[in-house]
Amino acid sequence: MTIIYGVDTEKPIKPEDVRDAIIECFTQAHGEALEDLKNYNKNLTEVSFEEIKRINIRQMVRNYFNEVGGDYDHPTRDSIVKITEKLKEFANNFRDQKLIEEHFKEIKILLEKL
């Protein structure tokens with residue numbers, strides 16, 4: 001059994017699973033960049049802070065779905081491929097190309113199982 005960002009590759013995969021895996025991937029990869037948010041509210045618990053990071057990433061993914069004419073709530077393989085390309089471009093501003101390719105390859109495995 002292989003789990004990629006919370007998705008079991010041995011089970012049937014839906015587009016929503018891949019979308020959620022992308023959010024998890026981006027939250028893990030870019031969570032450090034959001035650490036500055038802690039400075040705005042010293043009373044945040046770690047759980048609350050993690051949820052804020054996830055909400056931030058989810059909103060970014062939702063915006064990319066809108067940009068490509070996709071539906072966040074009912075994603076298609078095509079719209080996921082398009083937003084993945086946009087996220088890859090975005091990540092180029094913050095991350096090493098090798099790391100981006102590793103994450104992209106993992107998401108691609110999920111896309112191929114759709």
Side-chain angles (χ1 to χ4, degrees):
M1 170 172 67
T2 302
I3 305 289
I4 299 175
Y5 302 112
V7 178
D8 184 344
T9 61
E10 302 297 317
K11 295 181 178 176
I13 297 174
K14 300 178 294 190
E16 293 85 353
D17 298 327
V18 180
R19 177 205 60 209
D20 293 346
I22 289 169
I23 291 168
E24 181 60 30
C25 170
F26 239 73
T27 299
Q28 288 178 21
H30 293 280
E32 293 173 15
L34 297 173
E35 289 291 318
D36 187 46
L37 291 174
K38 283 183 180 176
N39 295 329
Y40 294 102
N41 187 341
K42 303 286 185 194
N43 297 322
L44 277 178
T45 66
E46 193 61 32
V47 172
S48 296
F49 179 65
E50 289 302 315
E51 185 57 26
I52 288 170
K53 289 194 302 188
R54 203 166 303 293
I55 289 167
N56 185 284
I57 299 295
R58 191 178 307 124
Q59 187 58 49
M60 181 176 64
V61 170
R62 188 180 298 275
N63 290 343
Y64 280 134
F65 269 103
N66 287 337
E67 280 184 30
V68 302
D71 183 342
Y72 175 88
D73 294 316
H74 305 286
T76 62
R77 185 184 192 288
D78 183 53
S79 65
I80 293 171
V81 168
K82 288 177 182 175
I83 66 125
T84 302
E85 289 297 329
K86 289 202 164 276
L87 288 166
K88 190 175 173 184
E89 288 175 29
F90 176 82
N92 280 324
N93 296 312
F94 303 99
R95 298 286 174 237
D96 174 70
Q97 187 63 37
K98 184 179 176 187
L99 180 65
I100 293 168
E101 289 302 325
E102 287 173 17
H103 288 271
F104 188 71
K105 187 166 44 168
E106 290 174 315
I107 296 301
K108 199 170 177 183
I109 290 169
L110 298 176
L111 281 169
E112 289 170 358
K113 294 195 173 274
L114 283 178

- Task: Check the side chains of N63 and E67 for a donor-acceptor pair under 3.5 angstrom, ignoring hydrogens and angles.
- Result: no
- Message: Is there a side-chain contact (heavy atoms from CB on, under 4.5 Å) between L110 and L114? Walk through the geometry before answering.
- Response: CA-CA 7 Å; L110 298 176; L114 283 178; over 6 Å; no
Is [Y] close to [X] at the side-chain level, that is, under 4.5 Å between some pair of heavy atoms?
X: E51; Y: I55; value: yes
X: I3; Y: E10; value: no
X: P15; Y: R77; value: no

Which residue is it: [options]? I am looking for the one with a side-chain contact (heavy atoms from CB on, under 4.5 Å) to [X].
X: F26; options: R58, R54, M60; value: M60
X: I107; options: I22, L87, V7; value: I22
X: I13; options: I109, V18, L111, I4; value: V18

- Query: Is it the case that one hydrophobic cluster holds both I80 and I100, taking links as side-chain heavy atoms less than 4.5 Å apart, direct or via other members?
  - Reply: no
- Do F104 and L99 share a hydrophobic cluster, counting only Ile, Leu, Val, Met, Phe, Trp and Tyr and linking them when any side-chain heavy atoms are less than 4.5 Å apart? no
- Note on the structure: To the nearest 0.5 Å, atom NZ of K113 lies from atom NZ of K11 at 13.5 Å
- Query: Measuring from Y5:OH to Q28:CD, what's the distance to the nearest 0.5 Å?
  - Reply: 6.0 Å
Would a distance-only check, ignoring hydrogens and angles, find a side-chain to backbone donor-acceptor pair under 3.5 Å from [X] to [Y]?
X: T9; Y: T2; value: yes
X: R19; Y: Y72; value: yes
X: D17; Y: K14; value: yes

- Query: Considering all heavy atoms of both residues, which atom of D73 and which atom of E16 are nearest to each other, and what is their separation?
  - Reply: O-OE2, 3.9 Å
- Message: Can you give me the closest heavy-atom contact between S79 and F65, atom names plus distance?
- Response: OG-CE2, 3.3 Å
- Task: Kindly write out the residues that satisfy ring pair (Phe, Tyr, Trp, His ring centres under 6.0 Å) with Y64, not counting sequence neighbours, or none if the list is empty.
- Result: none
- Check step by step if side-chain contact (heavy atoms from CB on, under 4.5 Å) holds for E106 and E102. CA-CA 6 Å; E106 290 174 315; E102 287 173 17; 5.6 Å; no
